[in-house]
Structure formats: C-alpha cells, structure tokens
Amino acid sequence: MGFVTRFGCLLAVLLLAQVVAQEEFVSLDCCSQSKRTDPVTNLIWVPDDGWLLSGGICRNLSSPFLKDSSYNGLRVFEGDSASKWCYNLSTISQHDYLVRGTFFNGAAMQSYSGTLFNISIDATPFGQEASVMDREEEVEVEAIVRATHHNLNFCLVKWKGNPYISKLQLRPLSDSRYLKDNPDVILKLVKRVDVGNTREQIRYPADPYDRIWSVDEKPGEYLVQPASNTISIYPANSSNVPINVLETAVTHTERLQFLFNDSGDIPYERFLVCLYFLELDPSIAVGQRVFDIYANGEKIRGSFDIREDGTSNYNEVVFPVPNKNGFLNITLAKNSTTRQAAGPLCNAYEIFQVHKSVPGTSQKDVDGIVEVRDELLRANPENDLLKSWSGDPCLPTYWKGLSCLPNNGVYVIMRIDLSSNRLRGSLPKAISELTDLQELNVRNNSFLGSIPESFSSLKHLTKLLYGCNLLSNNQLPQGIDQSKLASDYGKCHNQVSANPQSQRNYIIGSVLGASIFSLLVGTVCSCFYRRVQRVDVTKTAMQTNAVFSIPSMDDFDKKPIFIQAFSLECIEAATNKYKTMIGEGGFGTVFRGTLPDGQDVAVKVRSATSTQGTREFENELNLPSAIQHENLVPLLGYCCENDQQILVYPFMSNGSLQDRLYGNASTRKPLDWQIRLSIALGAARGLLYLHTFAGRSVIHRDVKSSNILLDHSMCAKVADFGFSKYAPQEGDSGVSLEVRGTAGYLDPEYYTTQQLSAKSDVFSFGVVLLEIITGREPLNIHRPRNEWSLIEWAKPFIRESRIEEIVDPNIKSGYHAEAMWRVVEVALCCIEPFSTYRPCMADIVRELEDALIIENNASEYMRSIESFGGSNRYFSIDKKVLAAPTTPTLSEPSPILLSQSIVPPQPR
C-alpha cells in the first residue's frame, strides 16, 4: 500500500504540474459546446465563441477522412459584411509566442472547396491557405511571433469564398531562442522533424511549449539510437529540445542531406534553420565526429564538432538562409581533413520562413478606434458593421468605413464613414483621439446629444458631415476652426422633438420619398443617356487619393467600378521605392507592390524611352474603367504626377500563360490539359465580352499568351489594353493608319488591308490555342527553318490528322482525344488567312465549353456516343476551312509572321 500511495502522490504531482504548465495556454476548439480535456495530451480545450466579435456559423464535420474524433465542427465566416475575421488573443508585451491554426476540409465540406484566404497576425500576412483548402486532410499553420502589445490578432483574410477554421492554439515560449537576434519578424514553420523517429509524433507534455515534432518519413539507412535506455544531456540546461526528441538520430559515413521545396505565394526574405545535435555514442571523443554544414551550396560552419568544448555532448546551430525561389538544401558533409572520423549526425531540425513584420496602424489610433467601436457596440450590440471591426484597422485590409495612409513608418486613420448605419446613442468622444483624422461622416443615423467638445482637438479635420440625426445641438465646439471645415448642418437640419419616434418616422418618410423620386428620375434618364463616361485624365491627374465611380454597362453586373487616383508618394510607398521588378514591356517596367489595405498589386510605370505614348496610357485608363468581367484584368488606379504615367493592377500570382508554357525554366510549372482548357475558355470569354460590349464592340488588337494572366486560382484574365480600339461603325473609314499587334500573332488580312475587325483578335487567339496545344512559341528562328513559324509548322500535321505529333510532350497521354480534336479544329478555323472563314468568339466559347465538358466527363461521354455507333470528330463551326483557299506555299515563313517592325518585340 505504501508503494501505491507514493505512486499515486507522484502521479498527482505530475498532473498538477501539467495543469500549471498550461495555465497560459489558449486552446480553442471551434464550435465546441463545452470545455473538454484531451485524453492523450491532457490539454484543456475551450469553446471559441468568446474570442471573436463576429461569430460566424458552425458546420458539422462528418467525413470518412476524419480520423480525429476530437473535432467538433468548423467555424465558417460567410457573407460580405467583412473582409477579415480575427481572434483576439491576450498576450504580454515583448514575450514570444507560438500560435497554431488548424484547418480541415473533408469530403463532407465540398461546399467550401475552392475557398481562398490569407492568414495574418495583426498586420502581417504570413500564410496563404489556397491550394491546401481542397485537401481531404487537416492543415496546420504555425508561427512564432513576439507580442508588441497586450493582445495578438490571428486573422483570416478573405480572397474567395468563405474562410473557415477548426482549432486555434497559443503557447507562450518562456525560453524562446528563435527571435533572440531578430524580434521584428514572424517565423512561419515549414517543417519540424524528430530525425530518426519512425514511431509517433512528440508534443505536450513531453515538450513543455507544445511544439509538434513530426516523425521522420524518410530516415534513410543509418538510424542511431542509444545503446541503453538511460540518456542524458550535459550540461543539463543546454537544450530546450525534449530529451525524447534527441534520443534518436540519423548518420551517414559521408553526408546527410535535407531537401525542401516550399513555394508559398506569400513573399518572405529568408529561411531560418535550426539544427540540433546530441552525441549518442559515448565512445566518440572530441575530434572524432567532425563535419561541415552547407546551405544551398554555401558553407555555413566548417569543421563542426558536436563535442567541440570537450565537456558537452550537445550542440545546436541556428542560421538564416536567403530565400531562392523557395528551395532549400541542407547538407552535412564529413570534413575532408578528418577522413578516419565518424560521419555526420543529426537528431532534429526546424525550418522556418522569415516574414518581416508589418508595423501596421499607429498604436494610438488602434486604441482610439477600438474605444470608438466598443462605445458604439454598447448602444448598438447587433450592428454588423461594428462587429466586423476586428484586428488591425488598416492592414492587411481596412475596416469597412475607414481609410488610412502611411505616416512616419506606420498607418494612421484619415477618414471615418459611419453614415446610414442605423446607429444610436451618443457620438463617441474617443473619436477625438484620432488626431490625424481629416474626414468624419456620421450622417443619416439616430445619434443623440451634441457634438462632443473634445472634437476641437481634431486639428486636421477638413470635413464633418453630421446631418439627419437626432442631435439636440447642431453647434460645433468653439475650438474647431470652421473656416477650413466643410460641414453639412445647413443641408439637413436636425429636428429636435419631444417625440423622437415621430421624428424618426419623418426621417424615414423623407428618405423613402427621396428614394422613390430618384428611382423614377433615374429610370427616365437612363432611357436617354446610356453612354459610358470617360475618365478625363487631365482633370483628375492631381486629385491625390480621389476616388471616382464609373457605371458598368454589363447587363449582368451593374456594380460601379472604382478607379483610384494615387499620389506618387503612395506609389513609392507601395512599391518600396520600386524595389521588386516583375516585368518589362513596351509601355515600361512593372513592379510588385502592396497597397495600404494589404492587396498585392502590379504597378506599371511608363519609361522615358517607351515606344507607347499618352494615347496608350489613356487607352489603358479609359477602357478598363468602362468594363468589368471576371476574365479581364481590372484597373485599380493610376498616377499622373510629375510627368509620371503609372497604372495599378491586381498582382497575378501565377504569372502569364506564356510563362507557364515556355517561360524561364527555373520558374516554369507544367500545366495539365484540363487547366489549359480552362485557361483557354476563360480568355475566350473575356474576349467575347469585349467583342459584344454594350454600346460599342472593343477589339483588343494584341491578343497573345503573355497578355493572358493567371490569378491565384489559375483563372485566366486578358490584360493590356494599350492598343485596344472600338470596332469600326457605319460612317467610319474602316482603315486604321497604324497596324498594331505582335509578330507571330498578327492577322495577315489586317496587316495587308489595314481593315480592322473582331476577327483580327480571333486570328491571334487561334495562335494562342496552338501554343496551348503544342507548348511552343509562335516564332522561333533558332529552330529548323520549316519550324520557325508555329502556324506553318503545325498546319500540315493537323490536315493529315497527326495531331499526336504536335501535342506538348508535357501532356502526352493526359488528354481525351475528342476534346483535343475539338480545340485543334477551333484553332485551325481561327487562323484562316481570310477573316470570312473564321468563327466569332461566341462560337469559339461554345466549342471550348463542350471540349471541357468532354474532358471532365470522358468516360460518361464515350459511353453515350458509343450507343449511337461511334463519335463524330468534327464540330459545329462550319468547316469552310476545308474548301477555303489555302495559304500559299512559301519557301520560308511569311514575312507578315516574321516582321519585327510592327511593334517592339519585347513582351508587355
């Protein structure tokens, strides 16, 4: 009994120690109904309801892939009321923390497939959950960060669909060595491996910080384990890695190599590598295990000896490695001067991406706007706008209703728009703490009382709109300089009434009446005035940060298009003074940048030596501002300041179709046939929209693979409208004095006659289809002479039904023959020399849609057509190509196709 009693006491002490150790742990079990204790780790999990303002909705998880019964559900954030949702976690300033989010999307959650969202900690985006979101397995994203305030925000930033999360964990690192030399970064875990461990992962309570040490999936031939079960580290406090992680290792007679290929889309500067070594063989003395440590071929440590000081059997090496396209090669090689010694050994390692922390919003403004939010929420607890205000107010996206600008290395709040949000109560006094505020709009609410006297501290305020409320006093505080303030108290008087309800009824009636009147007038006017407003660059060039709206003429999407006028200062801040160049073309150089709201952008800057002038700039500005379609690259803004002409577009993370087919070998990733078909269909839909644009058809005039860009979800978007023109109409001369296009894609009929039509785009698109099929560029004079021109080389193979000889080797045996033939025949019709025999874009879209359906449902399609006695390889476009005049046989490729004098040959 004495032994049992002592054992019971010992067990109780151990359990108590575990409970005390996790007192500062935060373990959120999304959508759980109650607190629970994990039977394996003894971690205490709690519901996540009280940790975020906007609660989202709960979805049940029921999937055959769900092996962990501890999952209670999925927290899903639906709707457009916010662009980010944040968990607010309490921290201690200047302490280090491990934060880990878990995401699960099983077969039962197919309604959330294709969801794309970023993860950010406060203002810093560090994880992109895009491609992983369709996996039928859990995904964990972990980071190590130093808290700079009393809380830390873990945010899901919406891209597409509805972000979701399963679990969230926060762990204090009281003995963290990760951020010792560089506290202003966030470390995103790439891999943490217990080298040589092939049994099960190790975490809490073995690791007091609850780091998860993964098993070694490829341990190699030379596993090392201690000769006995008793192993110790000396000096005892020299390692913060658990002893049972270090008790296994791998070794090799000559070298150990660890390879990583981490191609995350969120940019980061470098890797941080942590290598851990414990000598498990007590017979190995100083100088008997010496090796060199290399990272990407560069020697990091030479003649490294685990027992170099003669007393310790433990050592560790932590070092940064520059990021080179996400590739990392760590090699431990036996030192050449110690050939008789034992080979290199490793017990554990960690690899992190190093993300530079974004300063975010001034802490003064953060505290002020949070106080404003909380004060308003007390009077308006169900207000969706206020509940969406979480995380950093300005980054990576603005809170709805706020605008921010950079100021001395941080962002400050410049504008607040709370108009028409049915807000009650008093105007928050805390607004006066936002000392950089320039505009405040609280119109059309139900605010009571008067303008707070503290507003007189807002020295930069230039606009204050507060009409249509229930204020008892319209007077502005005496401290406000009304000479430079635009206000609206005279435009909508606040009626003070003993019966507030009657006043509300008066306001509601007035608003409804005005709305009905506006609707009637707008309906009448729209019958007479339906032309697209053009942007007058000369009038808006100096309106820094002005935002204007141009109505779309798309019959299916009536949303206004907002084009922002950026100041040169803002452009330079977004691009970090043009630090990262991502392309160069006829207009100028393209740089990557980030807007204040966190959106990645491509900034196109016209160079002084540009072959394109103001007309092309105006084309790029005016045409995209009048049209919008999911398969056209939208224009976000422009800058026209100090003789600079700059255009701002969303950054397309997957580059251009040209890049993916035959671009730089180091970054090229093969595209399978289904994705190629999808890209072709997307680009065709974009061109169809241009050609059938309400009011007047638009001809692109420079369709080519480098002008088909691919976003994060591989959606194709047609870009570059510098050469675009409206289609000729009756009364026009029909002759374009300047033939524009790119060699290899140019319509020979347009080149010869200068008669422009939408069929010129069709010809160029046919060349793009051939590129997609063959993986070849349109022109290449380094090939044999009969292969210089893609068109002239491919046509004989197609006419002789030998298409398998021209199909890109990267998709051999990876396509359905019927789908491929349809696309080949579409391409052949498109490149007819005479435009009369070419299909229109509507025909092309239909055929590509059919081809994609066939490819996606090949087996069902074949069964259905076999019942009718076979398949007809030909398709519905009238194949007059077979009877049309053939292209003259040339001894060498056509000078029309090879001419380099048409436009500068560089891609734009």
Side-chain angles (χ1 to χ4, degrees), residues 26 28 47-56 77 79 81-93 120-123 147-156 168 170 360-404 410-437 439-443 445-455 457-458 461 464 466 469-471:
V26 176
L28 302 184
D48 68 329
D49 298 62
W51 300 80
L52 64 165
L53 284 174
S54 180
F77 301 97
S81 60
S83 58
K84 66 180 174 186
W85 294 264
C86 301
Y87 286 83
N88 188 271
L89 307 173
S90 296
T91 57
I92 300 174
S93 182
S120 73
I121 291 180
D122 292 327
T148 58
H149 203 54
H150 59 266
N151 60 2
L152 179 150
N153 292 288
F154 183 91
C155 304
L156 310 182
L168 181 60
L170 182 75
T361 307
S362 156
Q363 193 59 52
K364 171 182 66 66
D365 277 19
V366 171
D367 295 339
I369 197 66
V370 167
E371 191 175 343
V372 170
R373 178 198 67 191
D374 294 346
E375 191 174 336
L376 288 171
L377 273 173
R378 284 191 286 272
N380 306 271
E382 301 304 318
N383 187 275
D384 289 337
L385 173 70
L386 299 174
K387 289 193 292 185
S388 73
W389 282 10
S390 63
D392 187 281
C394 299
L395 294 176
T397 59
Y398 294 163
W399 288 357
K400 190 174 182 180
L402 301 189
S403 294
C404 309
V410 294
Y411 280 80
V412 294
I413 298 171
M414 310 293 289
R415 178 175 173 269
I416 300 177
D417 185 354
L418 296 173
S419 61
S420 304
N421 274 288
R422 302 180 181 177
L423 296 173
R424 302 182 299 273
S426 302
L427 284 171
K429 295 180 181 179
I431 291 176
S432 60
E433 298 177 20
L434 307 174
T435 54
D436 293 287
L437 192 66
E439 296 183 19
L440 175 62
N441 185 352
V442 293
R443 280 178 59 85
N445 287 293
S446 297
F447 284 118
L448 301 168
S450 59
I451 307 294
E453 289 291 333
S454 59
F455 279 20
S457 64
L458 299 174
L461 195 65
L464 175 59
Y466 60 98
N469 279 288
L470 304 178
L471 299 176

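Basis for what follows: all heavy atoms, side chains included, without hydrogens, waters or symmetry-related copies. Residues take their numbers from the sequence shown, with the count starting at 1.
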Could you please spell out the steps behind the side-chain contact (heavy atoms from CB on, under 4.5 Å) verdict for Y411 and D392?
-> CA-CA 10 Å; Y411 280 80; D392 187 281; over 6 Å; no
Would L28 and F154 count as a side-chain contact (heavy atoms from CB on, under 4.5 Å) if you check the C-alpha gap in whole Å, the side-chain angles of each, and the deciding distance to 0.1 Å?
-> CA-CA 12 Å; L28 302 184; F154 183 91; over 6 Å; no
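Looking only at side-chain heavy atoms (C-beta outward), L385 and N380 stay at 4.5 Å or farther from each other. Taking the side chain as every heavy atom from C-beta outward, K387 and E382 approach each other to under 4.5 Å. You'll find the side chain of L152 reaches within 4.5 Å of the side chain of I121, heavy atoms only.
Each of N445, L427, L448, L423 was checked for a side chain to side chain contact (heavy atoms under 4.5 Å, CB included) with N469, and the lone residue meeting it is N445.
In terms of heavy atoms, C86 sits closest to G391 at SG-CA, 3.5 Å. The shortest non-hydrogen separation linking P381 to R424 is CD-NH2, 4.3 Å. In this structure, S83 and Y398 approach most closely via the heavy-atom pair OG-O, 4.2 Å.
Residues satisfying the side-chain hydrogen bond (donor to acceptor under 3.5 Å, both in side chains) test with K364, not counting sequence neighbours, are T435. For the side-chain hydrogen bond (donor to acceptor under 3.5 Å, both in side chains) test, no residue two or more places apart in sequence or in another chain qualifies with S120. When the ring pair (Phe, Tyr, Trp, His ring centres under 6.0 Å) test is applied to Y87, no partner is found at least two apart in sequence or on another chain. Partners of V410 according to the side-chain contact (heavy atoms from CB on, under 4.5 Å) rule, which considers only residues two or more places apart in sequence or in another chain, are P359, S362. For the side-chain hydrogen bond (donor to acceptor under 3.5 Å, both in side chains) test, residues two or more places apart in sequence or in another chain that qualify with S432 are S454. Listed by chain and residue number, nothing satisfies the salt bridge (charged side-chain N to carboxylate O under 4.0 Å, His left out) test with D122 (two or more places apart in sequence, or in another chain). The salt bridge (charged side-chain N to carboxylate O under 4.0 Å, His left out) check on E439 picks up R415, with sequence neighbours excluded. Residues satisfying the side-chain hydrogen bond (donor to acceptor under 3.5 Å, both in side chains) test with S420, not counting sequence neighbours, are N444.
The backbone N or O of H150 lies less than 3.5 Å from no partner atom in the side chain of S90, so there is not a single donor-acceptor pair. Checking side-chain atoms of K400 against main-chain N and O of S388 turns up no donor-acceptor pair under 3.5 Å. With hydrogens and angles disregarded, a donor-acceptor distance shorter than 3.5 Å links the side chain of N383 to the backbone of N421. Between the side chain of N151 and the backbone N or O of N88, no donor-acceptor pair lies under 3.5 Å.
To the nearest 0.5 Å, the span separating OG1 on T361 from CH2 on W399 amounts to 8.5 Å. Distance CH2/W51 to CG/L89: 6.5 Å, rounded to 0.5 Å. Expressed to the nearest 0.5 Å, how far CG of L402 lies from CD1 of I416 amounts to 6.0 Å. From E453, atom CD reaches atom OG of S450 across 7.0 Å, with rounding to the nearest 0.5 Å. If you take CG on L53 and CG on D384, they are separated by 12.0 Å, rounding to the nearest 0.5 Å. Here CG of L440 is found 8.0 Å from CD1 of I451. Values are rounded to the nearest 0.5 Å.
Applying the disulfide bond (SG atoms under 2.5 Å apart) test to residues at least two apart or on different chains, the pairs with a partner in residues 361-395 are C394-C404. Sorted by first and then second residue, the ring-ring contact (aromatic ring centres under 6.0 Å, His included) pairs involving residues 363-382 (not counting sequence neighbours) form an empty list.
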Extract all donor-acceptor atom pairs below 3.5 Å that involve side chains of residues 365-377 and protein atoms in other chains or at least two apart in sequence.
residue, atom, partner, partner atom, Å
D365, OD2, I413, N, 2.8
D367, OD1, Q363, NE2, 3.0
R373, NH1, W389, O, 2.7

